[in-house]
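When a ligand or atom number is given, it counts from 1 through the structure's own listing order. Residue indices begin at 1 and follow the sequence shown.
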Amino acid sequence: MGDQFHGSFTQQEPIPEEGIDAAVRVMRSGRLHRYNLIEGEESETGLLELEFKAQTGAAYALAVASGGYAMATALRALGVKPGQQVLTNAFTLAPVPGAIASVGAVPVFVGVTEELVIDLEDLSRKIQQTSSKVLLLSHMRGHLCDMDALMALCEAAGVQVIEDCAHTMGARWGDVASGRHGVFGCFSCQTYKHINAGEGGLLISDDAAAMARATMLSGSYMLYGRHPAGPPESAFETIRYDTPNVSGRMDNLRAAILRPQLRALEGQIQKWLARYQVVEHALQQTPGLTLIARPQAETFVGSSIQFLLLDWPDEAIQEVLRGCAARGVELKWFGGAEPVGFTSRYDSWRYVDSPPMPKSDRILKAIIDMRLPLTFSLEDCALIGRIIDEEVKKSAAKAA
Ligand SMILES: *Cc1c(COP(=O)(O)O)cnc(C)c1O
């Protein structure tokens with residue numbers, strides 16, 4: 001049956017020692033709550049916000065409880081109301097339509113292209129067909145669409161953009177950091193993203209009023225003055241009276257763990273990219289397998305890799321999945337009839353009444369997805385690539 005891979009696709013690296021030391025210091029202090037400060041002290045959470053703001057170039061940053069919470073807060077801060085339609089990607093993960101549903105709004109799914117990004121033609125059509133004035137754009141699996149074209153389209157139509165950057169922390173379109181195009185950029189610090197606090201989220205924005213609302217929403221009480229990366233106090237003047245508190249703050253323990261990881265992010269991105277390129281290279285010549293073309297303007301983080309088995313029969317795809325699994329390579333398929341693990345697609349969220357999307361269905365049915373944790377060596381990645389190449393060829397030969 002050939003070589004076996006023995007690594008774990010869900011094993012992340014340990015927290016850096018510096019983060020562990022900082023976390024222990026926070027625990028020894030007993031001051032875990034972000035507003036629990038002594039004279040002259042800066043909170044780990046506030047410092048994390050300052051550092052993230054500097055790293056992304058945003059005017060303001062806010063740390064919160066999760067990526068999903070960040071998205072829901074952004075929607076609320078833009079005034080999205082129950083029953084309102086919100087555009088979003090058909091190819092994304094459950095927390096994205098979930099954030100829309102959590103504010104009582106209604107997701108309207110927009111199709112996916114073979115490059116695994118939002119279909120701008122379909123977006124344009126759906127903007128016209130619906131009354132929607134907000135797009136929650138998910139950079140799913142780190143694929144950035146033509147952000148200049150998307151922003152031009154949305155600006156012309158008066159559609160506000162919130163970016164879901166759960167897979168694009170550290171990525172760029174041209175010179176612009178992912179998350180800096182929309183009114184809000186939303187990031188996740190959950191274990192399987194680019195920095196790991198177990199759970200956590202970050203919001204960035206240049207809009208003082210929107211960020212003031214997000215800060216109040218996150219549960220700042222009247223302590224918004226203790227947000228060193230937040231808007232000036234004047235931005236809260238009226239907002240503080242009419243914005244509800246929907247607690248979802250980050251705590252100092254998580255922030256302490258995250259700060260050294262944020263400093264190391266650039267180096268980590270290089271490691272991810274190297275792993276991505278090794279697997280991609282191994283699959284360059286595999287017949288019947290389509291790699292995803294990456295645009296020149298995109299600087300991406302290869303924390304996962306996708307390829308397409310376009311127009312393959314289900315049985316042949318399942319044969320590839322089984323063959324790889326038997327050799328220790330865990331692939332995820334977005335085409336399965338039932339959502340499994342982290343795979344899910346627009347038609348598996350049955351709380352949304354969504355018309356079928358045949359063009360997108362063809363793509364979704366073809367998507368194979370694989371994580372590339374940094375605990376894999378380059379040799380591991382070469383072996384994984386070889387196994388996939390062999391199993392795809394084997395299944396194709398059998399189907400022929
Ligand atoms: C993980 C993830 C989120 C949200 O992250 P949580 O921190 O788990 O709430 C949002 N969008 C995508 C695409 C994700 O993968």
Side-chain angles (χ1 to χ4, degrees), residues 9-10 12 45 48 52 61-76 86-103 105 107 109-110 112 116-118 134-145 161-171 178-179 182 184-204 214 217-218 246-251 254-255 257-258 261-262 272 292 300-306 332 334 339-346 348-349 352 360 364 367 369-373:
F9 282 79
T10 51
Q12 304 292 43
T45 311
L48 172 72
F52 195 60
L62 175 69
V64 294
S66 75
Y69 181 87
M71 292 185 288
T73 301
L75 290 164
R76 278 201 184 91
V86 174
L87 300 153
T88 193
N89 305 57
F91 175 47
T92 187
L93 285 185
V96 179
I100 297 170
S102 80
V103 301
F109 295 113
V110 182
V112 61
L116 300 191
V117 297
I118 195 162
V134 178
L135 166 66
L136 177 50
L137 174 67
S138 185
H139 304 303
M140 178 63 173
R141 289 297 184 254
H143 297 275
L144 292 174
C145 70
V161 179
I162 297 169
E163 296 181 69
D164 164 25
C165 305
H167 304 157
T168 55
M169 181 185 284
S178 184
F184 278 109
C186 309
F187 298 81
S188 170
C189 313
Q190 191 235 77
T191 293
Y192 301 110
K193 314 298 160 94
H194 298 170
I195 54 175
N196 172 14
E199 303 286 356
L202 285 157
L203 269 168
I204 56 171
L217 284 163
S218 78
V246 188
S247 280
R249 294 168 301 270
M250 184 180 280
D251 58 273
R254 285 193 169 85
I257 293 171
L258 290 171
Q261 294 182 62
L262 204 54
W272 262 308
I292 312 302
F300 65 97
V301 183
S303 51
S304 68
I305 188 165
Q306 294 70 41
K332 303 282 193 241
F334 277 82
V340 182
F342 286 99
T343 64
S344 44
R345 31 184 286 175
Y346 74 95
S348 52
W349 303 310
V352 186
S360 291
L364 289 168
I367 300 175
D369 173 39
M370 186 177 80
R371 280 204 181 107
L372 286 171

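Not a single heavy atom of H139 lies less than 4.0 angstrom from ligand 1. At a 4.0 Å cut-off, at least one heavy atom of M71 sits close enough to ligand 1 to count as contact.
Polar contact with ligand 1: absent for Y69 (N/O pair, distance under 3.5 Å). Considering backbone and side-chain atoms together, A166 places no N or O closer than 3.5 Å to any N or O of ligand 1.
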Discussion item. One pair to check against side chain to side chain donor-acceptor pair (under 3.5 Å): D369 and Q306. What are the steps and the verdict?
Written reply: CA-CA 4 Å; D369 173 39; Q306 294 70 41; 2.7 Å; yes
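In terms of protein heavy-atom proximity, atom 13 (C) of ligand 1 is closest to D164 OD2, 3.3 Å.
Cation-pi geometry between R371 and Y192 is met: the NZ or CZ atom falls under 6.0 Å from the ring centre, inside 45° of the normal.
V301 is not listed as a side-chain neighbour of H167, based on a closest heavy-atom distance of 4.5 Å or more. For the pair L364 and Y346, the minimum side-chain heavy-atom distance is below 4.5 Å.
Numbered from 1 in the order shown, with element, the atoms of ligand 1 that lie under 4.0 Å from a heavy atom of H167 read 13 (C), 14 (C), 15 (O). Taking every heavy atom of S188 and a limit of under 4.0 angstrom, the matching atoms of ligand 1 come to 5 (O), 6 (P), 7 (O). Listed by atom number, the atoms of ligand 1 under 4.0 Å from V96 heavy atoms are 11 (N). Contact atoms of ligand 1 toward Q190: 1 (C), 7 (O), 8 (O) (distance under 4.0 Å to a heavy atom of the residue).
Rounding to the nearest 0.5 Å gives a distance of 4.5 Å between OG of S218 and CG of L62.
Using a 3.5 Å distance cut-off with no hydrogens or angles, the side chains of N89 and S138 do not pair a donor with an acceptor.
Here atom 9 (O) of ligand 1 lies nearest to G68 when heavy atoms of G68, A65, P95 are compared.
At a 4.0 Å heavy-atom cut-off, ligand 1 touches K193 through the side chain alone.
For W272 and F300, the ring centers are positioned 6.0 Å apart or more. Checked against the 6.0 Å centroid threshold, F187 and F52 count as a close aromatic pair.
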